[in-house]
Amino acid sequence: MDANFSEEPSSDLSGELRARAESLLETKRAEAEAIANDRDALSTALDSVKNWMERFATKLSLNSIESLTTIFRLLKATWRGEYQGLDKSAIATLVAAALYCVSPADVIPDVVPGLGLLDDAFVLAWTIKSLSTELQSFRTWERLGAAKSALASYLPKFREIKRVTLCQGWLTESESCDEIVETLAPVFPNAQFESFRWHSNIPWDEARDFADGPGADEFGEFLTDSSVDLANTAIFGHSLGARITVRALAKLTREPEKKTLWSRKTTNRVAQTFLMGAAINADDPDIALACTCSLTPVCNFFSRIDRALGYFYRLAERRAPLGLTGLEISCDNYVDCMVSGHEEFFLDVASNMSDLVTFLHPKSVASKISAVDALSHGFSDYLKHQFALYATFFRDSIAANSGAVN
């Protein structure tokens, strides 16, 4: 991949400086191609990048340093043979950008106050934009590895599950669960799948209040109205469906008289509970109560780039949701699994926005991604924070364990 900024709009760098940066980066690329084939040389280059980051981390924007640390981790994982998702051309491009940044003799010397890192950040921005797909794939690989570790204790139990109950979220009343079932079925080869249907196509306030009250009671009854023991049941709750799940399990802990509903079962605790994009406050005390009703840790899959939670939930509730941030209180029998973070959000922005100067000024990104972004993607897609994407991440996390998924 040749360095070519000619199609990009003007930025904080003048045309002359851009041309010089392009020429120097191309020189670094020739050097990088040799380094990419030499493990010792690549190791030395990685040490230089690490030292450079430690020296200038406080002077770069958060987006810049996070992206450079991703490049560092990606190259290191490739060097170790742990990650094999890059071809030689992509490796050379990343090494060239890293070499440009660590070089003291670039277009604007790093020692120049206020301006020394401007060209470095621009080169990083161009690299991130050109290789955003590869970088996002690597971040997903990292997330899957972390989720694999968190889910390790669940692996022996998946084949024992006889019943998987799905509880969908707001505005899903007429939506089929077929895609979710197809995604999850390989993980639970001996289970029957069922969906808890509720009147969700109503205004947000009404749907939220239903989830907190009647919906939780109805879901509790739905769970017990089965010949399958709860000890062999797994629950997947998405969005407001996750809120209903938490409320239902919490009520069975808080109100002992309601446990009569469960009396004919061998246990009043479900085998597994998975929350996905949960539309409930991240510090809600019911979460801790719900965890006592699960035989294995309640597993919360959250994404910092979930648009519906990041915009709509915060606007409507003025609170941080569990599905966006992870848990904000102390809780036993619970584990968080991050599906995607702030950096993935920026990578997505960088790959779609033409103005790379936003890389240098992170606050300007937030100002440009607003209701306009929502309308450009279509309002319905904007609100639908995709149960299927969370379910796919869950399945792929399990598949990362050799032989865990057929």
Side-chain angles (χ1 to χ4, degrees), residues 1-3 21-111 116-146 148-149 338 340-344 346-347 350-351 359-360 400:
M1 183 181 300
D2 295 331
E22 178 179 357
S23 176
L24 182 55
L25 183 60
E26 186 60 28
T27 300
K28 294 297 181 184
R29 180 177 175 82
E31 182 181 348
E33 289 175 349
I35 289 178
N37 293 304
D38 186 329
R39 284 179 55 83
D40 291 338
L42 182 56
S43 178
T44 300
L46 290 174
D47 289 338
S48 297
V49 173
K50 183 179 179 180
N51 292 335
W52 187 88
M53 287 191 297
E54 292 174 349
R55 183 181 177 188
F56 293 107
T58 59
K59 298 181 181 180
L60 282 169
S61 72
L62 180 61
N63 287 332
S64 300
I65 197 63
E66 283 189 351
S67 297
L68 187 58
T69 56
T70 297
I71 290 175
F72 176 79
R73 293 195 312 278
L74 173 52
L75 290 174
K76 195 169 184 179
T78 301
W79 176 77
R80 290 174 173 172
E82 298 170 353
Y83 185 72
Q84 300 178 351
L86 286 182
D87 58 28
K88 288 295 179 63
S89 176
I91 294 174
T93 298
L94 292 173
V95 172
L99 291 176
Y100 184 99
C101 290
V102 302
S103 173
D106 48 20
V107 171
I108 305 176
D110 294 342
V111 296
L117 299 178
L118 184 62
D119 59 322
D120 298 308
F122 188 83
V123 166
L124 279 174
W126 176 84
T127 304
I128 297 305
K129 181 176 175 64
S130 61
L131 295 178
S132 61
T133 299
E134 288 83 352
L135 289 169
Q136 290 192 61
S137 295
F138 172 69
R139 294 299 291 127
T140 299
W141 176 82
E142 285 189 314
R143 302 287 190 211
L144 289 173
K148 171 185 171 181
S149 298
M338 182 184 287
S340 54
H342 290 304
E343 186 179 6
E344 285 90 336
F346 174 71
L347 289 172
S351 65
F359 186 88
L360 308 175

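We number each residue from 1, following the sequence as shown. Just so you know, these numbers come straight off a predicted model, no measurement behind them.
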Check: M338 and E142 side chains under 4.5 Å, non-hydrogen atoms
no
A97: partners by side chain to side chain contact (heavy atoms under 4.5 Å, CB included), with sequence neighbours left out
V123, T127
For residues K76 and L46, report the shortest heavy-atom separation together with the two atoms involved.
CA-CD1, 3.8 Å
Can you measure from CD1 (I71) to CZ (F138) and round to the nearest 0.5 angstrom?
11.0 Å
Do any pairs count as a salt bridge (charged side-chain N to carboxylate O under 4.0 Å, His left out) and have a residue in residues 86-96, sequence neighbours left out, and if so which ones?
none
With sequence neighbours excluded, residues passing side chain to side chain contact (heavy atoms under 4.5 Å, CB included) with T78:
L74, Y83, L86, I91
Between A32 and A96, which heavy-atom pair has the shortest distance, and what is it?
CB-N, 3.5 Å
Just jot down the side chain to side chain contact (heavy atoms under 4.5 Å, CB included) partners of E82, sequence neighbours excluded, or say none.
A77, R80, W141
Taking atom CG of L131 and atom OG of S89, what is their separation to the nearest 0.5 Å?
8.0 Å
First locate atom CG of L94, then atom OG of S130, and finally report the distance between them rounded to the nearest 0.5 Å.
8.0 Å
Pairs touching residues 34-53 that satisfy salt bridge (charged side-chain N to carboxylate O under 4.0 Å, His left out), sequence neighbours left out
none
In Å and rounded to the nearest 0.5 Å, what is the NZ to OG1 distance from K28 to T93?
15.5 Å
If I take atom OG1 from residue T70 and atom CZ from residue R73, how far apart are they, to the nearest 0.5 angstrom?
4.0 Å
Separation of R139 CZ from S340 OG (nearest 0.5 Å)
9.5 Å
